[in-house]
2 protein chains.
Amino acid sequence: MELTERKKKVLRSVVDLYIRTAEPVGSKAITELPDMKYSSATIRNEMADLTAMGYLEQPHTSAGRIPSAAGYRLYVDELMLDYRLSMDETKSITNAIEEKMQRVDKMVEKVAKLVSQATNLPAISAASRSGNACVQRFELIQAGQGSFILVLMLSGERVVNKLIKLPLDVGESDLKLLSAVLNATMTEIPLEGFTTELMDRMMRSAGAASSLVPVILDFTQETLKNHAATNMAVVGQSRLLGLPEYRDVDKAQRVMASIDEEALSNLPAVMQDANGTKVIVGPENVADELKDTSVVMTKFDIGDGLQGMIGVVGPTRMDYAKVTARLSYFAESLSKMFAKPETPQLPQAEQDDAGQ
Amino acid sequence: MELTERKKKVLRSVVDLYIRTAEPVGSKAITELPDMKYSSATIRNEMADLTAMGYLEQPHTSAGRIPSAAGYRLYVDELMLDYRLSMDETKSITNAIEEKMQRVDKMVEKVAKLVSQATNLPAISAASRSGNACVQRFELIQAGQGSFILVLMLSGERVVNKLIKLPLDVGESDLKLLSAVLNATMTEIPLEGFTTELMDRMMRSAGAASSLVPVILDFTQETLKNHAATNMAVVGQSRLLGLPEYRDVDKAQRVMASIDEEALSNLPAVMQDANGTKVIVGPENVADELKDTSVVMTKFDIGDGLQGMIGVVGPTRMDYAKVTARLSYFAESLSKMFAKPETPQLPQAEQDDAGQ
DNA sequence: TTTAGCACTCCATATCCTTGAGTGCTAAGC
DNA sequence: GCTTAGCACTCAAGGATATGGAGTGCTAAA
């Protein structure tokens, strides 16, 4: 059977209405739409065809139709009309973003919160560094009796430091020597290059300060290992409960538990190869608990090997047009903001921490 | 009316049973408990008295009794039997804690996750620094053409750094001079001491490198301002949905939304003056949405002016004995772990950050 | 002081019925 | 050959009504 223009129009109407009302859509409701000048019987015939073609489903004989996964897919890919953000919307998003975002982890949390607010759905935000890092320079600063600060300058303009305390005394000159040796032997070496052989060699050339070497190299390795670690935030799960499809508490719990845990590790991977905004419609999801839940995601660029991702989780019946529009705008604004060099408050190589 | 020993015993039984079953407790159920050698009629009389005294409530005439807020309070303060952690429990908690906890924020998240798992309830964890900080030493490290690294050593063994890039060239000697001046004028000064007068003086004595001063002082102030910032994590909200009292989706949503937002700012304040483990029973809660939700919290010590807090949110009918036992054990283990100087993997003054 | 017995209350659950939205099909109209 | 009016049919949702059972309070006897 052929998918005529009229069929497409009917399908679009059904999806639109279902998104709005969360109730099966009957032929009469379609008739009442402006711009729809056929009788309910005609629409009925079209809907029967669309059902046969797999784009619509019927919960039971005497109910209206709801879109099937294939129906949503077609809608998302072809049918849906672009949602245009109002001035108010763009302005409030832009305002929100332009507040200071200092550290990456705070930024990730903040962005998740904003997206969740903007879409009224649970949001996931993540940032991760791509590629391998290596140390570009070591710096040792005396900090008192038996304690010094190790500063690592990494590729990608990242700076990391650690206060090291040892029971033994180390002199200024020892530190100078040690840092010279470190810079000579251990720079520009990725994690894989840290062979026992290399570390042994390092130990031997360290001289008087050789007892510091293990501590320093341990921390260095740890840092390199964590370099690609993903920073992630999930915010606003409770918004799911406002939607009729999650009146079923068990379902809500399954979905929420799964976005808490599983998605947390899976989604960034899914995002890897995608470009632009990606929509995963219900059954296309890998995780079983998410079979009737859709996900919309976008990447954004932070620069310097840092990759960001924002996503939204919601019912299969979600307002894809609105959500994708807002998400894209977010991603765009964020990318733009990080690209602008004159903006003073970018996530700088600030650091924070703990106290012993 | 006097609260006899027998009345107390009956009350304890009612609370215990209600905690287990979430159903109103009838006189017969009490009779069937071991160690309860009265007939249902006697128990009925006692329950009638307890109801008159305000410790029990009756949803409707022909239902059993449920504890009132006052009943819970009495139970928590006097009646409840100490829950003894099994070997398995202590072991699994200890194991979980002993994994590396590097940075404070990661640690906070991790702890929240563990507590939530251990109690099967949503958990809140927070860490905050108390008191005012000041810089103990400034250190400037040349990092390339027109860029250098600012390292601040703060009170409490905290170290923070930032990569600063400027369009102008700064020489090694300029940096040396500048850091000497900074260390001479700006150390040991809390945030309040950063008067415009002082900053002006600083500017004047900085000489050739005076253009760096604003950037440096801005960052320093920002850091001091953020010093007492609370790090917080909320985990496991979805666990609420497993409980019968939150089958009512609206209620669940209200509670979840409120622990997401409000509690986030209020709880640490509540904790401030408390000592040991604190239980807030339902209606004692300030926030309206939490009127039928209880909170159990404990502080723990991280040392170096860092204070930790873990808490759990659940239905008024929660297993207070078990929850407080587990929470206290957690707090104790954490405090002990941070006190032990020989433990190698404490949240050290490690740092991490962002790109750009 | 305790307890057996009894009448009473009231919620929860099951069952039945009604209502109405929506369908598919057929036959007539354009 | 489409389109549409009409009609019989289906089925879930919601309201009304019964039924059962858990639990109570009270009284009177042990």
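A note on names: the letters A, B, ... follow the listed sequences, proteins ahead of strands, and every chain is numbered from 1.
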Rounded to whole Å, how long is the line connecting atom [atom1] of [X] with atom [atom2] of [N]?
| X | N | atom1 | atom2 | result |
| --- | --- | --- | --- | --- |
| A/Arg6 | D/dC2 | CZ | P | 10 Å |
| A/Glu57 | C/dT23 | CD | P | 15 Å |
| B/Glu46 | C/dT3 | CD | P | 11 Å |
| A/Ile66 | D/dA12 | CD1 | P | 14 Å |
| A/His60 | C/dA21 | NE2 | C1' | 9 Å |
| B/Asp49 | C/dT2 | CG | P | 11 Å |
| A/Ile43 | D/dT4 | CD1 | P | 9 Å |

Tell me, do A/Ile124 and A/Val295 make a side-chain contact under 4.5 Å, heavy atoms counted?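 When only atoms from C-beta onward are counted, A/Val295 and A/Ile124 do not touch, as no gap falls below 4.5 Å.
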
Side-chain contact test, heavy atoms from C-beta onward, threshold under 4.5 Å: evaluate it for A/Thr324 versus A/Tyr83 and give yes or no.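 Of all side-chain heavy-atom pairs linking A/Tyr83 with A/Thr324, none is under 4.5 Å.
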
Polar atom pairs (N or O), protein with nucleotides 27-30 of chain C, under 3.5 Å:
none

Sort and list the pairs that fulfil salt bridge (charged side-chain N to carboxylate O under 4.0 Å, His left out) and have at least one residue in [range], not counting sequence neighbours.
| range | value |
| --- | --- |
| residues 312-323 of chain A | A/Glu245-A/Arg317 |
| residues 115-124 of chain B | none |
| residues 57-76 of chain B | B/Arg73-B/Asp77, B/Arg73-B/Glu284 |

Is B/Asp35 salt-bridged to B/Lys9, going by a charged N under 4.0 Å from an acidic O?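 Yes.
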
What protein N or O atoms touch nucleotides 25-27 of chain D N or O atoms at under 3.5 angstrom, if any, and at what distances?
| residue | atom | partner | partner atom | Å |
| --- | --- | --- | --- | --- |
| D/dG25 | OP1 | B/Arg65 | NH2 | 2.9 |
| D/dG25 | N7 | B/Arg44 | NE | 3.1 |
| D/dG25 | O6 | B/Arg44 | NH2 | 3.2 |

Strand contacts (DNA chain C) in residues 7-33 of chain B, 4.0 angstrom heavy-atom criterion: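 Listed by number, there are none.
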
Residues forming a ring pair (Phe, Tyr, Trp, His ring centres under 6.0 Å) with B/Phe330, sequence neighbours excluded: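 For B/Phe330, no residue satisfies ring pair (Phe, Tyr, Trp, His ring centres under 6.0 Å) once neighbours in sequence are set aside.
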
Can you name the ring pair (Phe, Tyr, Trp, His ring centres under 6.0 Å) partners of B/Tyr320, sequence neighbours left out?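 Partners of B/Tyr320 by the ring pair (Phe, Tyr, Trp, His ring centres under 6.0 Å) criterion, ordered by chain and then number, come out as B/Tyr72.
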
Is there a side-chain hydrogen bond (donor to acceptor under 3.5 Å, both in side chains) between B/Ser40 and B/Thr31 once you walk through the steps? CA-CA 6 Å; B/Ser40 67; B/Thr31 320; 5.0 Å; no

Considering residues at least two apart in sequence or located in another chain, which fulfil the salt bridge (charged side-chain N to carboxylate O under 4.0 Å, His left out) criterion with B/Glu5?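 With sequence neighbours excluded, B/Glu5 shows a salt bridge (charged side-chain N to carboxylate O under 4.0 Å, His left out) to B/Lys8, given in chain and number order.
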
Could you pull out all residues at least two apart from A/Arg6 that satisfy salt bridge (charged side-chain N to carboxylate O under 4.0 Å, His left out)?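 Checked A/Arg6 against salt bridge (charged side-chain N to carboxylate O under 4.0 Å, His left out); matches are A/Glu46.
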
Hydrogens and angles aside, do A/Tyr18 and A/Thr316 bring a side-chain donor and acceptor to less than 3.5 Å of each other?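 No, no side-chain donor-acceptor contact under 3.5 Å.
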
Under 4.0 angstrom between A/Ser62 side-chain N/O and D/dT10 OP1 or OP2: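 Looking at the OP1 and OP2 atoms of D/dT10, neither is under 4.0 Å from any side-chain N or O of A/Ser62.
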
Could you tell me which residues satisfy side chain to side chain contact (heavy atoms under 4.5 Å, CB included) with B/Glu23, sequence neighbours excluded, listed by chain and number?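 For B/Glu23, the residues satisfying side chain to side chain contact (heavy atoms under 4.5 Å, CB included) (neighbours in sequence not counted) are B/Thr21.
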
Roughly what angle, to 10°, lies between the helix axis at the start of the helix from C/dT1-D/dA30 to C/dC30-D/dG1 and the one at its end, five pairs per end?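 Taking the rotation axis at each end, their angle is 20°.
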
